[in-house]
Protein chains: 2
Amino acid sequence: MKKGTTIHCHRFFTNLSNPTRLAAIEQLINKPMSVTELAEALCQEQSMISHNLKPLLDCNILTAHREGKKRVLTVNLETIIPIFNAIENHATKFCPTSRKCQKEDLK
Amino acid sequence: MKKGTTIHCHRFFTNLSNPTRLAAIEQLINKPMSVTELAEALCQEQSMISHNLKPLLDCNILTAHREGKKRVLTVNLETIIPIFNAIENHATKFCPTSRKCQKEDLK
DNA sequence: AGTTTAAATGAATATTTATTCATATGTAAC
DNA sequence: GTTACATATGAATAAATATTCATTTAAACT
């Protein structure tokens, strides 16, 4: 394993280990949208979305461009889709019935 | 995205968003070893390793088999290697110089 | 320049997660 | 069965992260 991988992985996993941020990504996979639209779609306060967006943007999991007054967010599909697929495959293959992998208190 | 993916991903990312657990995985990529050996290799208390191993075993990121008195841990390379590679590629391609992705207070 | 809408920031609090230490359980060899 | 080694567990504390709310900054349109 290349040097530096662990640090990148730690930050990457930390950024994604949060239900709000995962929900945001899930929304943005369907279509790019602005901060306010995202807040509405997720029934969350704008400031909460903003706070949570920051680490995802810093890590280039999301990118943003301006459209008029809005800042439109786009998910980096090239990175996210293969990783989500890999986890889904893992779940299918190695955790077919496991309750332990699923019991979850997602809000 | 398949239903259930978000839950699996959340648990998966949470399990990996921890420096102790990542260090354990990094060790085990080199070679399988017992809980005590791992504790020694990482200069950590055995109980801390045990606590941290549990979620990784529950999610089948690690598996364990007994050898005499020891419980030998093996990392699920089929899952872990592609994901680590994907993150490394992401870092190379999208965060070539970014300090934000690297500044880190890993202990 | 002033107004409006959009988004970011900061600081306080709440919540979650990690770590430690003491102890219990398990497993194998004697 | 008793001893010794290996690992797991529980409960308390410490530390990290998330959330909220009030406020500020920013951009675009008039």
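Reminder, nothing fancy here: chain letters follow the sequence lines and each chain counts from 1. Model, not experiment: these values are computed from the prediction.
- When only modelled atom types and interatomic distance are considered, A/Glu88 and A/His90 share no side-chain donor-acceptor pair under 3.5 Å.
- At a cut-off of 3.5 angstrom, the base of D/dT7 holds no donor-acceptor pair with the side chain of B/His51.
- Spacing between atom CE of B/Met33 and atom C1' of D/dT7 amounts to 16 Å, rounded to whole angstrom units.
- Put simply, CG on A/Leu73 and CG on A/Leu57 are 6.0 Å apart, with the number rounded to the nearest 0.5 Å.
- Taking atom CG of residue B/Leu73 and atom P of nucleotide D/dA6, one finds them 14 Å apart after rounding to whole Å.
- Atom CD in B/Glu37 sits about 16 Å away from atom P in D/dC5, given to the nearest Å.
- The side-chain heavy atoms of B/Ile29 and B/Ile80, taken from C-beta on, include a pair separated by under 4.5 Å.
- Closest approach to the B/Thr20 side chain among C/dC21, C/dA28, C/dT19 is made by C/dT19 (side chain taken as heavy atoms from C-beta onward).
- Put simply, the side chain of B/Phe94 does not reach to within 4.5 Å of the side chain of B/Asn89, judged on heavy atoms.
- Take the nearest nucleotide of DNA chain D for A/Ser47 and for A/Thr14: the residue whose nucleotide is more 5' is A/Thr14.
- Phosphate contact (OP1/OP2 of D/dA18, side-chain N/O of A/Asn52, threshold under 4.0 Å): absent.
- Mapping B/Arg21 and A/Val35 onto DNA chain C via the closest heavy atom, the residue that lands nearer the 5' end is A/Val35.
- Heavy atoms only, all atoms of each residue included: A/His10 and B/Asn18 are closest at CD2-N, 3.7 Å.
- Residue B/Thr36 is classed as a sugar-phosphate contact, given heavy-atom separations below 4.0 Å to backbone atoms only.
- Protein atom CD of A/Glu40 is 14 Å distant from nucleotide atom P of C/dT5, rounded to whole Å.
- Phosphate proximity of C/dG26 to B/Arg66: absent, as no side-chain N or O sits under 4.0 Å from OP1 or OP2.
- For the pair A/Met48 CE and C/dT15 C1', the interatomic distance rounds to 12 Å; values are reported in whole Å.
- Atom CG in B/Asn15 sits about 13 Å away from atom C1' in C/dA18, given to the nearest Å.
- Side chain of B/Glu45, nearest nucleotide from D/dT7, C/dC21, D/dT20: C/dC21.
- Atom C1' of nucleotide C/dA18 and atom CD of B/Gln44 are separated by 11 Å, given to the nearest angstrom.
- At C/dT17, none of the side-chain N or O atoms of B/Asn18 fall inside 4.0 Å of OP1 or OP2 (strictly under the cut-off).
- For A/Ser17 and A/Gln46, each mapped to the nucleotide of DNA chain C holding its nearest heavy atom, the one lying further toward the 5' end belongs to A/Gln46.
- Comparing atom distances between the A/Lys69 side chain and each of D/dT7, C/dT5, C/dA28 picks out C/dT5 as nearest.
- The nearest whole Å value for the distance from the CG atom in B/Leu42 to the C1' atom in C/dA18 is 15 Å.
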